[in-house]
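A short worksheet on the structure shown next.
Protein chains get the first letters and strands the later ones, always in sequence-line order, with residue 1 at the start of each. In this text the structure is predicted, and so the values were computed from the model without any measurement.
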Amino acid sequence: GENVEQHPSTLSVQEGDSAVIKCTYSDSASNYFPWYKQELGKRPQLIIDIRSNVGEKKDQRIAVTLNKTAKHFSLHITETQPEDSAVYFCAATTNTGFQKLVFGTGTRLLVSP
Amino acid sequence: EAGVAQSPRYKIIEKRQSVAFWCNPISGHATLYWYQQILGQGPKLLIQFQNNGVVDDSQLPKDRFSAERLKGVDSTLKIQPAKLEDSAVYLCASSLRGDQPQHFGDGTRLSIL
């Protein structure tokens, strides 16, 4: 089955810096890769996703890149703000029919003012 | 639109007792998921419904866990008897169809004494 590894486990940056979180997946059949943000005690919220027919997707300060050959994808946050502080999870699944999301172990991002 | 509703938010029970969680998905969402999130880990899929039918329950510990979605809307997840290792947050998610993004509820935090 699918296995997703996520690095780093914690990431501390200064406000205004960029942050990058990386994930690798094992199943070459996976074709859908969402990223979720989870604040303490809150629900995971979908912030961006990418499908395997696209190499990069951007939404304001957030971007995701995908390298199918190397089986890894990354989340990029630019101009970080204190409210970006949270745990970020990547996930991977095949997306033909029914999703069976396999999540990474999470990255705790701390943005200091 | 109203989000995924879950109750209760918190539950404390002793081991070997039983417990039930309730989920009301976003209106019109055909696919419903139950996840278990142990502290410090990403969510792990337990069971997935399409309307009132089970699509995948391969990771559900069926000797103690059960779930149903009788009318294809609300769902309940039950644990009987509970073990210490069941302490976790139980998240419900829903999607319009099986290949669409998943939206999560706030979860139920279960503590086993």
Side-chain angles (χ1 to χ4, degrees), chain A residues 1-10 21-25 27 29-53 57 59 64 73 75 86-109, chain B residues 1-10 21 23-26 29-51 53-60 88-111:
Chain A
E2 177 65 276
N3 182 53
V4 177
E5 295 188 355
Q6 183 171 348
H7 300 280
S9 57
T10 58
I21 302 170
K22 298 180 180 180
C23 290
T24 60
Y25 61 99
D27 188 349
S30 289
N31 57 6
Y32 176 64
F33 308 92
W35 285 87
Y36 285 85
K37 174 185 180 181
Q38 188 174 30
E39 297 177 47
L40 191 62
K42 300 284 183 66
R43 67 184 69 187
Q45 288 190 302
L46 179 68
I47 56 172
I48 195 166
D49 56 10
I50 191 168
R51 299 179 190 274
S52 61
N53 58 347
K57 184 176 179 181
D59 183 3
V64 56
F73 56 113
L75 178 71
V87 178
Y88 291 80
F89 291 98
C90 62
T93 184
T94 56
N95 199 39
T96 49
F98 295 97
Q99 293 179 5
K100 184 174 178 178
L101 287 178
V102 176
F103 283 84
T105 49
T107 296
R108 183 172 300 279
L109 174 65
Chain B
E1 106 189 318
V4 176
Q6 289 188 247
S7 67
R9 286 299 315 276
Y10 306 93
F21 314 125
C23 173
N24 180 239
I26 294 172
H29 280 199
T31 314
L32 185 146
Y33 313 79
W34 283 102
Y35 288 85
Q36 180 191 58
Q37 186 175 24
I38 293 173
L39 187 65
Q41 298 182 18
K44 184 184 91 172
L45 179 68
L46 293 176
I47 189 167
Q48 178 179 349
F49 292 93
Q50 175 69 11
N51 296 312
V54 175
V55 172
D56 188 328
D57 63 357
S58 57
Q59 298 190 95
L60 187 72
V89 175
Y90 290 85
L91 294 162
C92 179
S94 71
S95 62
L96 192 60
R97 298 192 311 264
D99 62 348
Q100 294 298 299
Q102 298 180 27
H103 301 272
F104 284 82
D106 285 330
T108 296
R109 182 176 298 277
L110 175 65
S111 297

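No part of A/Q45 comes within reach of chain B, as not one of its non-hydrogen atoms sits under 4.5 angstrom from that chain. For B/D106, the parts lying near chain A are the backbone and the side chain together; criterion is any non-hydrogen pair under 4.5 Å. Looking at B/R97, neither its backbone nor its side chain comes within 4.5 Å of chain A, counting heavy atoms on both sides. Looking at B/Q41, the atoms closer than 4.5 Å to chain A (heavy atoms on both sides) all sit in the backbone: N, CA, C or O.
Shown here for B/G42 and A/F89, the closest heavy-atom pair between the two residues is CA-CE2, 3.3 Å.
Using a 4.5 Å cut-off on side-chain heavy atoms (C-beta onward), A/L101 and B/Y35 make contact. Side-chain contact between A/Q38 and B/Q37: present, with at least one pair of heavy atoms (C-beta onward) separated by less than 4.5 Å. Looking only at side-chain heavy atoms (C-beta outward), B/Q102 and A/Y36 come within less than 4.5 Å of each other. For the pair A/K100/B/Y33, no side-chain contact is recorded, criterion being any heavy-atom separation below 4.5 Å from C-beta on.
Taking A/P44, A/A91, A/G106 one by one and counting their heavy-atom pairs under 4.5 Å with chain B, the maximum is reached by A/P44. Ranked by non-hydrogen atom pairs under 4.5 Å with chain A, the options B/P101, B/P43, B/G107 are led by B/P43. Taking B/V55, B/L45, B/V89 one by one and counting their heavy-atom pairs under 4.5 Å with chain A, the maximum is reached by B/V55.
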